[in-house]
Structures are given as structure tokens and as C-alpha cells.
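In what follows, a single structure is set out as C-alpha cells and then discussed.
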Number of protein chains: 2
Amino acid sequence: MTGMPPKSDESYLHRVSRVLGAFRAEDDAVGAAELARRTGLPRSTVHRITLGLIEEGLLERCGTEVRLGLRLFEIGQRVPRQRVLRDAALPYMADLREATRQTVHLAVLEGREVVYVEILGTPGGPALPSRVGGRLPAHATGVGKAILAFSPPEVTRAVLDGELARVSERSLVAPGLLARELARIRRDGVAYDNEESGRGIVCAASPVHGRDGEVLGALSVSGWVNRVRLARVAPAVHTAALALSRTLGYRGPAQTLRQPGIQAPSSTV
Amino acid sequence: MTGMPPKSDESYLHRVSRVLGAFRAEDDAVGAAELARRTGLPRSTVHRITLGLIEEGLLERCGTEVRLGLRLFEIGQRVPRQRVLRDAALPYMADLREATRQTVHLAVLEGREVVYVEILGTPGGPALPSRVGGRLPAHATGVGKAILAFSPPEVTRAVLDGELARVSERSLVAPGLLARELARIRRDGVAYDNEESGRGIVCAASPVHGRDGEVLGALSVSGWVNRVRLARVAPAVHTAALALSRTLGYRGPAQTLRQPGIQAPSSTV
DNA sequence: GCCCTCGTCCCGTCACGCGGGACACGCCCG
DNA sequence: CGGGCGTGTCCCGCGTGACGGGACGAGGGC
């Protein structure tokens, strides 16, 4: 009687972000009560926030329920991390699919997970756990390991020190084994996934570098374990990733490794 | 002396939305001052808002500048209007590209413009003005006219009554001509674009319907005016759009038109 | 009938968003 | 070298708009 003062110390923006994040990939429209349940916010707060978001076009009314608005899709397509990589990669991905007749993935690293930026599927391919815009733990995927192997130490450390979730029964969950695997990938330039992210699915992946040598993401080719010869697709993925890196301004490994007489570490195909 | 009181009557959310909308498709990172200029907001307001958005992962720091965050891409991929349509359409779009060897578009209507949801390009094709997540005036594109022809009257009216921008020298800018064209499309089930959206580019488009007969979007095939025979691709586009509509639950035109002896208006191939 | 859940709206209270201004820094030009 | 400009960043008194408990009616299941 009352007019409660706010009791939480989180900002308005944080609540709005919570509401937007409460929508799941498989949702269509969601009711206000369900959003309140998912976010832990009071029903009136959710209702007020959704009204504001609708006014901005970030949400759309659907009867009395609400769903993510098309404007969020438009803004999402402008995100540089995915746009520049995807635009440059698409032709190479199409070539890879043509050459291998398997599913081709492009992903970037975000925290300890990979986010898939583009996927070119094949008619006969397996049902994969990856979705465009979806996440999977980096240590359990080919693209993730390819990126981690060439990431700065603090990024790799964050993954090795964190919990290594068991995505499939063959996932690498021992930090030591993962670290040794990353060292091998660093030498060969190609990462493999032997049913570590899904039963019966194997994959070869290779990192994509930017102008200054930093890792931007990774390309991969994946398919059924008994229909893909990794030794055959690995060179193709590696070559495509190098070609893509070159179009992005990559000039080869750091100069300390380019002294004549010293090896070229990533050409062990 | 002084702690100015807020002087604008727009909400905080509206300012946040303005900041997010201030990023253009071609931008990478943008400075706070530039954002303030684009949004018309005070520099300190922009600075405060960007700090909050960074904390939520909706923006990313890039030196002292700022860019759209990967989380916006993830959320954008969950938007139902594009997700369900894109997922269902991709196989049909691939078939269309295979059969016509031309660029295939999938778009939805938003206000008086179309938003492109997916584009399958071809190596030899022309450089098109369309981008995934980009907008073009509905009246100046094949997909736009295909959607408008089967939209509720108030939607069509909003376009006819508004300004019809001249996108290319052949754009339809006369409301009467456009209305007559929409009536023809309603009869034939196929819309054409004869260099109305870009010089030298033609296109055939056909609407995609949902379970209740409502228009969800449109498919199109486009290419160079002298390399595409519209009479040949139009049936392909029409067929693909009907097949896609069927997988989405469409059962044919409204029942009042299905009485035996009356015509089946959209089968004039 | 009852009861639970839903979307919606009201309202007294106070945290927090507000924006002018200050400050340091880097850059260009004279 | 110094002045002028445009940055990014931060401070601070102010008052407005976000806050959430609760009320209300509608719908649906038992």
C-alpha cells in the first residue's frame, strides 16, 4: 500500500537483456507468465518490458503472446564478427561442399563455446547437433579445437581450466589430453573430431586467420564416420582455410617462424 | 549546478534501440561520438548506454570503439518469422538454383519493405542490391509485389497510399499501375520484375502461404535480363513456392474458391 | 459450480538514468 | 612548439520513470 521500491540491484538493461535471452531457438510465441518464469522477474516487470520492446519493433505481438521481432534478425545480420567472415567464406565453403560432398561448417569462438555462423548441408548427410546461431562447447567440436589451438594462451587456459562437458561418450574431458591434442593441431594445422560431438559423426577442421595472424574462426567438413575418409578431406579443409585466410589479409605464420631454413609448421599435409 | 533533468520524453528503451539501430550494415566498429551524431543523443548518454550494452554482450569493445556483439547474431537467428520459413525453404531454394542456375531469393514483408531472409547466389550472376537481412521497397521488387498481391487490403493500401520510391529508372511509381499489376499477379500467381529494382536485372517471384492461407513471404529467381528467360523460370518458381507452401501446411486457396466448377485461380501456368 | 492461471492495469515510492560540463589525451596545422 | 580541435571518459545534483505487489476479468479444466 504500498508501491514497492525496486529490490534488485541489477540494471534495467540487464532485465531487458534477460527477457530477450529467455527466448529459445525452438520457441515461436511465448506468454508473459512463461517469460517471467524463465527470467525470474516479476510478472508486471516482464509485461512492462515487453510492451516497450514491442514499441521498438524488437518484439512482435502474436495474439496475447509475444515473439522475437524481425528487427532483431536485421540487426543480427549486421554483426561484424559473423558478417565479414561469412561473406568472405561462402565461396570457399561452396567449393568444399562440391569437392567433398559433405556438410561444411563455419564457426567462431565466443567464450568457451563456438557459435556457428554458416552451415552448408548435404541431402544425404547426418542430422547434426549444430545450428546456425547455435552454440556447442569448443573442446567437443572440430572447429572449436582448431580455433583454440591458435588462440592466445589466456583463451585456451579459460577452456582447459573450466569444466570440460561430456557432449558425447567420446568427448575429450581430460585437460591434459586436450592440451596435447591442441599442440598437435598447432603443428598440423588440422583438427579432427572422432565422434566427440556426436555418435557416428566425424569431422576435419582448420583455422581461419586474419590480417594480423589472429584466429577469426574455423572451417570444417563433417559426415558419417563410415562415409568420410578424413585423410582425404583434411587437405581440402586445410587448403580452403588457408585460401580464405589469404583473402582476409593473412600473410602466413609470424615472422619469427619464417626465417629461411626453419620449417613451415602448418604445411604438413 | 547542476545535474540537468532529462528533457526528452522518449523512453530509455527507445534510446537503447536508437543506438542499436545506428549501426549500419557496412560498419565495423563505431566511435561514441559518431553514434551520438547518428542518434542525436548527448555524448554522455550514448557512452552510458554503450557501457551497459557491452556488459550484456549486445555490444563488443574494439579498442575505444564499439561494434555489434555476437549475441545479437545468436538472438537474431532465433526470430521465428525468418527461422521457420528459412528452414523449410532451403531445400526448395537449392533445387531452384540447381534447375535455373540463377540467384534465388527468399524474403518477407515488414511494413512497406521486404527483408531478405536468405539468398543463394551463383558464381556468374550479377551483383544484386539485395543482402541477407537487408531491406528494399516492396513495390520495387519481385518478391515484394508477390507478397503484396496476396496480403490483406490494409497492408496493400499502406504501400499504395505511401510514397512509391523510384529505385531504378523502371520502378513502378504510379499507384494505379501498381494496383493493376497486383491484380494480375493475384490471377497468375507469379510476379515479375523487369529492371524495376536494378538495371539489367529481371526476376520472377511467387508467394509462399502458411497453414491458414496467409502470405508468409516469397521466393524469386533473378539474373541478367539477357540470360534469363522469364517464361522458363516462372513455372519453376511458382512450383517451388507451391511445394514449400504445402510443407508449411497450406491447403490451397480459400474454400469459397474451391467449389467444383469454379476456377483454381493460381494454376495458370 | 469452483479454482487455478492467464494477460492487463493501477499506483505510491525511490533508485537510476539524465546530460551539461570537466578533464586528459592524441592529432593536425600553423 | 603551442594552440585548437575532436576524441573517450568520468563526475554529480536532479527528478522522472521504472519498480512490483496486488487487483480485476477472462478463459479453461475438473
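The chains referred to below are lettered A, B, ... by the order of the sequence lines, with proteins before strands, and numbering in each begins at 1.
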Legend entry - For atom NE2 of A:His14 and atom C1' of D:dA18, their distance in whole Å: 16 Å
Inset, instruction - Establish, with yes or no, whether the OP1 or OP2 oxygen of C:dC18 is under 4.0 angstrom from a side-chain nitrogen or oxygen of B:Thr45. - result: no
Legend entry - Sequence-aligned protein contact record of nucleotides 5-10 of chain D, with B where the base is within under 4.0 Å of a protein heavy atom and S where only the sugar-phosphate is: --BBBB
Legend entry - Under 3.5 Å donor-acceptor, A:Arg81 side chain and B:Arg67 backbone: no
Legend entry - Between C:dG19 (P) and B:Tyr12 (OH): distance, integer Å: 11 Å
Inset, instruction - Can you tell me the distance, in whole Å, between the CG atom of A:Leu35 and the P atom of C:dT5? - result: 17 Å
Inset, instruction - Could you pull out the closest heavy-atom pair between A:Ser220 and A:Val143, with the gap in Å? - result: CB-CG1, 3.6 Å
Just distance, no hydrogens or angles: give the donor-acceptor pairs under 3.5 Å from side chains in residues 206-217 of chain A, sequence neighbours left out.
| unit_1 | atom_1 | unit_2 | atom_2 | d |
| --- | --- | --- | --- | --- |
| A:Ser206 | OG | A:Gly189 | O | 2.6 |
| A:His209 | ND1 | A:Gly213 | O | 3.0 |
| A:Glu214 | OE1 | A:Asp212 | N | 3.1 |

Inset, instruction - Would you name the heavy atoms of A:Ala89 and A:Leu244 that are closest together and state the gap between them? - result: CB-CD2, 3.6 Å
Inset, instruction - Give a yes/no answer on whether the side chain of A:Arg15 brings an N or O atom under 4.0 Å of OP1 or OP2 in D:dC19. - result: yes
Legend entry - Salt-bridge criterion met for B:Asp27 and B:Arg38 (N-O under 4.0 Å): yes
Legend entry - Integer-rounded Å distance: C:dC18 P and B:Arg48 CZ: 4 Å
Inset, instruction - State which residues pass side-chain hydrogen bond (donor to acceptor under 3.5 Å, both in side chains) with A:Ser17; sequence neighbours excluded, sorted by chain then number. - result: B:Glu56, B:Arg71
Legend entry - Integer-rounded Å distance: C:dG7 P and A:Ile49 CD1: 15 Å
